[in-house]
Engineer: 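Pasting in a structure now, in structure tokens, and then I'll have a few things to ask.
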Amino acid sequence: MKVLLTGATGYIGSALTEHLTAAGHQVVALTRSTEPQPDRGWHAQLVGDTADPASLADAVTPDIEAVIHLAPPSGDAEVDIAVVEALATPLRGTGRPFVYISGVWVLGATGTAQEVGEEAPTNPIDIVGYRPRIERRVLDEAAEGVRAVVVRPGVVYGRGGGIPAILVDRARTQGAPEYYGEEGVRWPTVHVDDLAELFLAAVERAEAGSIWHGVGESAVPVREIARAAGRAAGAAGDPKAVPVAQAAEVFGPLFADALALDQSVSGAAARTVLGWKPDRPGAVAELESGSY
């Protein structure tokens with residue numbers, strides 16, 4: 001397929017480009033910059049800005065066979081809905097896929113030791129407060145003949161990036177590992193290359209109107225992630241618990257709340273139905289002996 005990819009220059013988009021091209025697909029990257037970037041592995045580059053929906057009017061040309069929307073939200077629900085409409089409208093009646101990235105933070109604190117699946121109701125924390133509304137708007141396109149799909153990743157790690165890299169940097173600058181909120185906080189996690197393979201599976205064969213959790217490990221204790229981040233930073237020792245209010249002074253209140261969010265989320269459905277096989281090292285192992 002010829003796949004239009006927003007967010008192609010980002011952390012996840014860069015990994016996904018590699019996996020799409022390795023599977024024989026052609027990536028058409030939608031970028032804000034007019035500067036050519038010949039070493040990205042893209043088939044072609046288009047210019048458009050997801051903060052300006054009008055600039056996307058001609059992005060989905062008749063030869064585009066799929067759209068994957070990874071670009072981060074603008075912070076304005078109406079703008080993001082207009083972006084979805086601009087990208088999805090040319091696909092109506094074709095059965096072609098439109099895959100949208102959301103995230104497990106829309107579930108809020110799971111509040112139970114049991115893993116929650118895609119059927120769980122949303123209860124978003126403030127940083128992703130309107131994201132369920134965008135999810136619904138995407139899934140509504142299934143009724144218009146679009147193979148509309150939502151993927152909700154857990155906390156993404158690998159290739160030296162993602163939120164765990166923040167813990168490594170903090171351990172390095174503070175001289176000791178730290179985590180945020182209560183000691184029992186757990187994060188659902190996913191390696192960026194495993195996540196890229198889930199997006200590949202979703203664009204190739206997920207059914208219209210479906211939601212998938214991109215979670216390799218359902219509930220990793222953040223204290224253990226912080227300990228491993230400390231080792232990666234050369235700051236071994238017991239992690240320090242930082243109150244959310246104190247973390248908010250560094251990260252802002254919305255992101256601090258997200259870092260302190262306790263969740264246990266299942267990624268079993270994608271394994272069973274889509275044949276997804278996340279097999280990279282877990283978050284702790286990757287931090288201790290991988291790319292960090």
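Both backbone and side-chain heavy atoms feed into the values below; hydrogens, waters and symmetry mates do not. Treat the numbers as computed from the prediction; the structure is a model and nothing was measured.
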Engineer: Quick one: are Arg223 and Asp238 in side-chain contact, heavy atoms under 4.5 Å?
Structural biologist: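 With C-beta onward as the side chain, the pair touches.
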Engineer: If only atom types and distance count, is the side chain of Thr6 paired as donor or acceptor with the main-chain N or O of Leu70 below 3.5 Å?
Structural biologist: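 Between the backbone of Leu70 and the side chain of Thr6 there is a qualifying donor-acceptor contact (under 3.5 Å).
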Engineer: Does the pair Tyr157 and Arg280 meet the rule for a side chain to side chain donor-acceptor pair (under 3.5 Å), with working shown?
Structural biologist: CA-CA 11 Å; Tyr157 67 92; Arg280 271 74 178 184; over 6 Å; no
Engineer: Is the number of heavy atoms from other residues, nucleotides or ligands under 6.0 Å of Gln174 CD greater than 12?
Structural biologist: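 Atom CD in Gln174 is crowded, with more than 12 foreign heavy atoms closer than 6.0 Å.
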Engineer: Decide yes or no on salt bridge (charged side-chain N to carboxylate O under 4.0 Å, His left out) for Glu204 and Arg147, but give the supporting numbers first.
Structural biologist: CA-CA 10 Å; Glu204 289 182 342; Arg147 188 154 61 82; over 6 Å; no
Engineer: Mark yes or no for whether Glu288, through its side chain, and Arg231, through its backbone, hold a donor-acceptor pair below 3.5 Å.
Structural biologist: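 Pair absent, no side-chain N/O of Glu288 close to backbone of Arg231.
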Engineer: Working to the nearest 0.5 Å, report the span between OG1 of Thr17 and CZ of Arg40.
Structural biologist: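 The distance works out to 8.0 Å.
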Engineer: Is Ile81 close to Arg133 at the side-chain level, that is, under 4.5 Å between some pair of heavy atoms?
Structural biologist: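 Side chain of Arg133 against side chain of Ile81, heavy atoms only: contact under 4.5 Å found.
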Engineer: Taking all heavy atoms of Leu287 and all of Ala228, pick out the closest pair and write down the distance.
Structural biologist: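 Answer, listing the atom of Leu287 first, then Ala228: CB-CB, 3.7 Å.
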Engineer: Under the 3.5 angstrom rule, does the side chain of Arg271 hit a backbone N or O of Gly216 as a donor-acceptor pair?
Structural biologist: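 Between the backbone of Gly216 and the side chain of Arg271 there is a qualifying donor-acceptor contact (under 3.5 Å).
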Engineer: Where the side chain of Glu217 meets the backbone of Trp187, is there a donor-acceptor pair that is under 3.5 Å apart?
Structural biologist: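 No, the answer is negative, given that no donor and acceptor are paired below the 3.5 Å cut-off.
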Engineer: Are Leu139 and Val273 connected, step by step, through hydrophobic side chains (Ile, Leu, Val, Met, Phe, Trp, Tyr) whose heavy atoms are closer than 4.5 Å?
Structural biologist: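 No, because Leu139 and Val273 fall into different hydrophobic clusters, even though each may have its own neighbours under 4.5 Å.
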Engineer: Nearest 0.5 angstrom please: Ser14 OG to Trp42 CH2, how far?
Structural biologist: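 The distance works out to 7.5 Å.
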Engineer: What residues, two or more places apart in sequence or in another chain, satisfy salt bridge (charged side-chain N to carboxylate O under 4.0 Å, His left out) together with Arg152?
Structural biologist: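 Arg152 satisfies salt bridge (charged side-chain N to carboxylate O under 4.0 Å, His left out) with Glu135 once adjacent residues are dropped.
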Engineer: Out of Leu20, Leu16, Val3, which residue meets the side chain to side chain contact (heavy atoms under 4.5 Å, CB included) rule with Phe199?
Structural biologist: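 The single option meeting the side chain to side chain contact (heavy atoms under 4.5 Å, CB included) with Phe199 is Leu16.
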Engineer: Show your working on side chain to side chain contact (heavy atoms under 4.5 Å, CB included) between Thr189 and Ile225 and close with a plain yes or no.
Structural biologist: CA-CA 10 Å; Thr189 62; Ile225 294 176; 4.2 Å; yes
Engineer: Please determine whether residues Ile125 and Ile134 belong to a single hydrophobic cluster, defined as Ile, Leu, Val, Met, Phe, Trp and Tyr linked transitively by side-chain heavy-atom distances below 4.5 Å.
Structural biologist: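 No; Ile134 is not reachable from Ile125 via cluster members.
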Engineer: Flag yes if Tyr100 and Val151 sit in one hydrophobic cluster, no otherwise; membership is Ile, Leu, Val, Met, Phe, Trp, Tyr, and two members link when side-chain heavy atoms are under 4.5 Å apart.
Structural biologist: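 Different clusters.
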Engineer: Distance from Thr50 atom OG1 to Leu30 atom CG, nearest 0.5 Å?
Structural biologist: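 Between Thr50 OG1 and Leu30 CG, I get 7.5 Å after rounding to 0.5 Å.
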Engineer: Once rounded to the nearest 0.5 Å, what's the spacing between atom CZ of Phe98 and atom NE2 of His69?
Structural biologist: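 One gets 5.5 Å once the value is rounded to the nearest 0.5 Å.
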Engineer: Does a side-chain N-to-carboxylate-O contact under 4.0 Å join Asp193 and Arg159?
Structural biologist: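 Looking at Asp193 and Arg159, the cut-off is met.
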Engineer: Under 4.5 Å between side-chain heavy atoms, counting indirect links through other Ile/Leu/Val/Met/Phe/Trp/Tyr residues: same cluster for Ile127 and Val242 or not?
Structural biologist: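 Hydrophobic grouping puts Ile127 with Val242.
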Engineer: Starting at CD of Gln26, measure out to OG1 of Thr21 and round the result to the nearest 0.5 Å.
Structural biologist: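 Answer for the CD-OG1 pair, Gln26 versus Thr21, is 10.5 Å.
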Engineer: If you look at every heavy atom in Trp276 and Leu195, which pair is closest and at what distance?
Structural biologist: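 That would be CZ2-N, 4.5 Å.
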Engineer: Would Val265 and Val220 show up in the same hydrophobic cluster when neighbours are defined by side-chain heavy atoms closer than 4.5 Å?
Structural biologist: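 Same cluster.
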Engineer: Between Pro177 and Gly237, what is the shortest heavy-atom contact and its length?
Structural biologist: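 Of all heavy-atom pairs spanning Pro177 and Gly237, the closest is CG-O, 3.6 Å.
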Engineer: Can you spot which of Arg136, Arg96, Arg92 makes a salt bridge (charged side-chain N to carboxylate O under 4.0 Å, His left out) with Glu141?
Structural biologist: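 Among Arg136, Arg96, Arg92, the one meeting salt bridge (charged side-chain N to carboxylate O under 4.0 Å, His left out) with Glu141 is Arg92.
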Engineer: Do any side-chain atoms of residues 251-264 form donor-acceptor pairs under 3.5 angstrom with protein atoms, and if so which ones, sequence neighbours left out?
Structural biologist:
residue	atom	partner	partner atom	Å
Asp262	OD1	Arg186	N	2.8
Asp262	OD1	Arg186	NE	2.8
Asp262	OD1	Arg186	NH2	3.4
Asp262	OD2	Arg186	NH2	3.0
Gln263	NE2	Val104	O	2.8
Gln263	NE2	Gly108	O	2.8

Engineer: Checking His25 side chain against Met1 main chain: does a donor-acceptor pair fall under 3.5 Å?
Structural biologist: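 A pair under 3.5 Å: yes.
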Engineer: Looking at every non-hydrogen atom in both residues, tell me the closest pair between Pro124 and Pro132 and how far apart they are.
Structural biologist: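 Smallest heavy-atom distance, with atoms named: CG-CG, 3.8 Å.
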Engineer: Within a radius of less than 6.0 Å around NZ of Lys277, do more than 12 heavy atoms belonging to other residues, nucleotides or ligands occur?
Structural biologist: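 Check fails, neighbour count at 12 or below.
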Engineer: What are the two closest heavy atoms between Val138 and Ala148, and how far apart are they?
Structural biologist: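 Taking every non-hydrogen atom into account, O-CB, 3.1 Å.
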Engineer: What is the distance from atom CG of Asn123 to atom OG1 of Thr110, rounded to the nearest 0.5 Å?
Structural biologist: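 Separation between the atoms: 10.5 Å.
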Engineer: Look only at the side chain of Tyr180 and the backbone of Ala245, and say whether a donor-acceptor pair between them is shorter than 3.5 Å.
Structural biologist: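 Checked: no pair found.
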Engineer: If only atom types and distance count, is the side chain of Thr173 paired as donor or acceptor with the main-chain N or O of Arg170 below 3.5 Å?
Structural biologist: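 Confirmed, Thr173 side chain pairs with Arg170 backbone.
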Engineer: Between Glu286 (side chain only) and Ser291 (backbone N and O only), is there a donor and an acceptor less than 3.5 Å apart?
Structural biologist: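 Yes, because the side chain of Glu286 sits within donor-acceptor range (under 3.5 Å) of the backbone of Ser291.
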Engineer: For the pair Arg137 and Glu85, find out whether any cationic side-chain nitrogen is under 4.0 Å from an anionic carboxylate oxygen.
Structural biologist: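 Result for this pair is yes, salt bridge flagged.
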Engineer: Is the number of heavy atoms from other residues, nucleotides or ligands within 6.0 Å of CG (Asp58) greater than 12?
Structural biologist: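 Open: at most 12 neighbouring heavy atoms sit under 6.0 Å from CG of Asp58.
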Engineer: Restricting to non-hydrogen atoms, name the atom on Pro153 and the atom on Val190 that form the minimum distance, rounded to 0.1 Å.
Structural biologist: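 For Pro153 versus Val190, the nearest heavy atoms are CB-CG1, 4.4 Å.
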Engineer: Test your reading of the model: is there a side-chain donor-acceptor pair from Ser74 to the backbone of Asp76, 3.5 Å cut-off?
Structural biologist: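 Looks like yes, one N/O pair under 3.5 Å.
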Engineer: State, with a plain yes or no, whether a side-chain heavy atom of Trp212 is found less than 4.5 Å away from one of Leu274.
Structural biologist: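 Answer yes - side chains close enough.
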Engineer: Run the side chain to side chain contact (heavy atoms under 4.5 Å, CB included) check on Glu118 and Val150 step by step: do they pass?
Structural biologist: CA-CA 10 Å; Glu118 288 82 352; Val150 170; over 6 Å; no
Engineer: Is the number of heavy atoms from other residues, nucleotides or ligands within 6.0 Å of CD (Glu207) greater than 12?
Structural biologist: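 Incorrect, the count does not exceed 12.
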Engineer: Do Asp49 side-chain atoms and Arg32 backbone N/O form a donor-acceptor pair below 3.5 Å?
Structural biologist: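 Here the side-chain-to-backbone pair does not exist.
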